Amino acid sequence: SQAADITAFGAHLVPVGEDQLPMVEQTRDIVRTFNRLYGKTLIEPKVLLSKFARLPGTDGAAKMSKSVGNVINLSDSAAIVRKKVMSMYTDPTRIHASDPGHVAGNPVFTYLDAFGTDARAIADLKTRYEQGKVGDVEVKTYLAEALNTFLDPIRARRAEFGKDRAGVLKLLHEGTDRGRTVAAETLTNVKKAMGIRYW
């Protein structure tokens, strides 16, 4: 069904997380096989991964999971983001702020690399962290500010849409109608290529 979702709309690029790579590769195999058997009909999609294909959970787990509750939601308020960041897993070997810390594998620094905009300031925090010259609170405070700066425009847009339920429903209906048209055209082309279009 995921392969159908991709191919029905002629997707050239599929933005996915690292864990979805096998699904896209399976879609590519299906498309290649179909096109080999019936002629070039479907578009073979490519994967679009960001520099950070996977973010760890706030608890240090390998992956964020809504069911586990180790996520930062796009809908979280600035206060909730700050609270979640301040309770984030860091370096369990570091007992005191003056202890040298580990940057590698530390979710706080992974998030800073992904969402921070001042590379020089982040590099300075990393150096001081490894030397035991900055505490977790300062680093987390910096991260909370960076995340909230990133999320502020998203929150504003969400609030704007939240005031116009009828407008949102209209957009959804229009998008669904456009999607049906595109998917129907793809299905027609597939049936034609396979020689099973009888009308």
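This one's a predicted model, so the numbers in the text were calculated from it and none came from an experiment.
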Testing the basics here: between [X] and [Y], what is the closest heavy-atom pair and its distance to 0.1 Å?
X: Gly60; Y: Pro107; answer: CA-CG, 3.8 Å
X: Thr110; Y: Pro56; answer: CG2-CD, 3.7 Å
X: Pro45; Y: Thr27; answer: CG-CG2, 4.1 Å
X: Ala193; Y: Thr41; answer: CB-OG1, 3.4 Å
X: Ala114; Y: Leu55; answer: CB-CD2, 4.1 Å
X: Ala3; Y: Ile30; answer: CB-CD1, 3.9 Å

SB check Asp124 Arg120 (cutoff 4.0 Å):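 Result for this pair is no, no salt bridge flagged.
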Glu18 and Lys63 ion-paired at < 4.0 Å: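 Looking at Glu18 and Lys63, the cut-off is not met.
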Once rounded to the nearest 0.5 Å, what's the spacing between atom [atom1] of [X] and atom [atom2] of [Y]?
X: Ile6; Y: Leu13; atom1: CD1; atom2: CG; answer: 11.5 Å
X: Ile72; Y: Leu151; atom1: CD1; atom2: CG; answer: 8.0 Å
X: Ser75; Y: Ile80; atom1: OG; atom2: CD1; answer: 8.0 Å
X: Asp91; Y: Asp99; atom1: CG; atom2: CG; answer: 9.0 Å
X: Thr7; Y: Ile43; atom1: OG1; atom2: CD1; answer: 10.0 Å
X: Leu112; Y: Leu143; atom1: CG; atom2: CG; answer: 4.5 Å

Please list all pairs meeting ring pair (Phe, Tyr, Trp, His ring centres under 6.0 Å) that have one or both residues in [range], counting only residues at least two apart or in different chains.
range: residues 93-113; result: Phe109-Tyr129
range: residues 148-171; result: Phe115-Phe150
range: residues 11-36; result: Phe34-Tyr38

Return the set of residues passing salt bridge (charged side-chain N to carboxylate O under 4.0 Å, His left out) with [X] (not counting sequence neighbours), or none when no residue passes.
X: Glu130; value: none
X: Asp113; value: Lys126
X: Asp164; value: none
X: Asp152; value: Arg155

Residues Gln2, Val24; criterion side chain to side chain contact (heavy atoms under 4.5 Å, CB included); working and verdict: CA-CA 8 Å; Gln2 289 177 314; Val24 179; over 6 Å; no
Test item: Val14 and Leu48 side chains (from C-beta on) under 4.5 Å apart, heavy atoms: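 Of all side-chain heavy-atom pairs linking Leu48 with Val14, none is under 4.5 Å.
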Are [Y] and [X] connected in a single hydrophobic cluster, I mean Ile/Leu/Val/Met/Phe/Trp/Tyr linked by side-chain heavy atoms less than 4.5 Å apart?
X: Val31; Y: Val182; result: no
X: Leu147; Y: Tyr89; result: no
X: Val81; Y: Leu74; result: yes
X: Val134; Y: Met86; result: no
X: Val16; Y: Phe9; result: no

Asp136 and Thr90: side chain donor to acceptor below 3.5 Å: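 Yes, side-chain donor-acceptor contact under 3.5 Å.
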Salt bridge (Lys or Arg N to Asp or Glu O under 4.0 Å) partners of residues 71-83, not counting sequence neighbours, each pair once: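 Checked against salt bridge (Lys or Arg N to Asp or Glu O under 4.0 Å) - neighbours excluded - the pairs reaching residues 71-83 are Asp76-Lys84.
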Salt bridge (Lys or Arg N to Asp or Glu O under 4.0 Å): pairs with one or both residues in residues 30-46, sequence neighbours excluded: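 The answer is Glu25-Arg32, Arg28-Glu44, Asp29-Arg32, Arg32-Glu44.
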Test item: Lys133 side-chain N/O and Arg128 main-chain N/O as donor-acceptor pair under 3.5 Å: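 The answer is no, because no donor-acceptor pair under 3.5 Å joins these two groups.
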Set of ring pair (Phe, Tyr, Trp, His ring centres under 6.0 Å) partners for Tyr142, sequence neighbours left out: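 Partners of Tyr142 by the ring pair (Phe, Tyr, Trp, His ring centres under 6.0 Å) criterion come out as none, since no residue qualifies.
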Candidate list Asp59, Asn106, Asn70, Val108, test side-chain contact (heavy atoms from CB on, under 4.5 Å), partner Met88, passing option: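 With Met88 as partner, side-chain contact (heavy atoms from CB on, under 4.5 Å) holds for just one option, Val108.
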Of all pairs that satisfy side-chain hydrogen bond (donor to acceptor under 3.5 Å, both in side chains), the ones with a partner from residues 171-187, not counting sequence neighbours: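 Non-adjacent pairs meeting side-chain hydrogen bond (donor to acceptor under 3.5 Å, both in side chains): Lys170-Glu174.
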Sequence-distant partners of Thr33, side chain to side chain donor-acceptor pair (under 3.5 Å), two or more places apart: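 Partners of Thr33 under the side chain to side chain donor-acceptor pair (under 3.5 Å) test: none.
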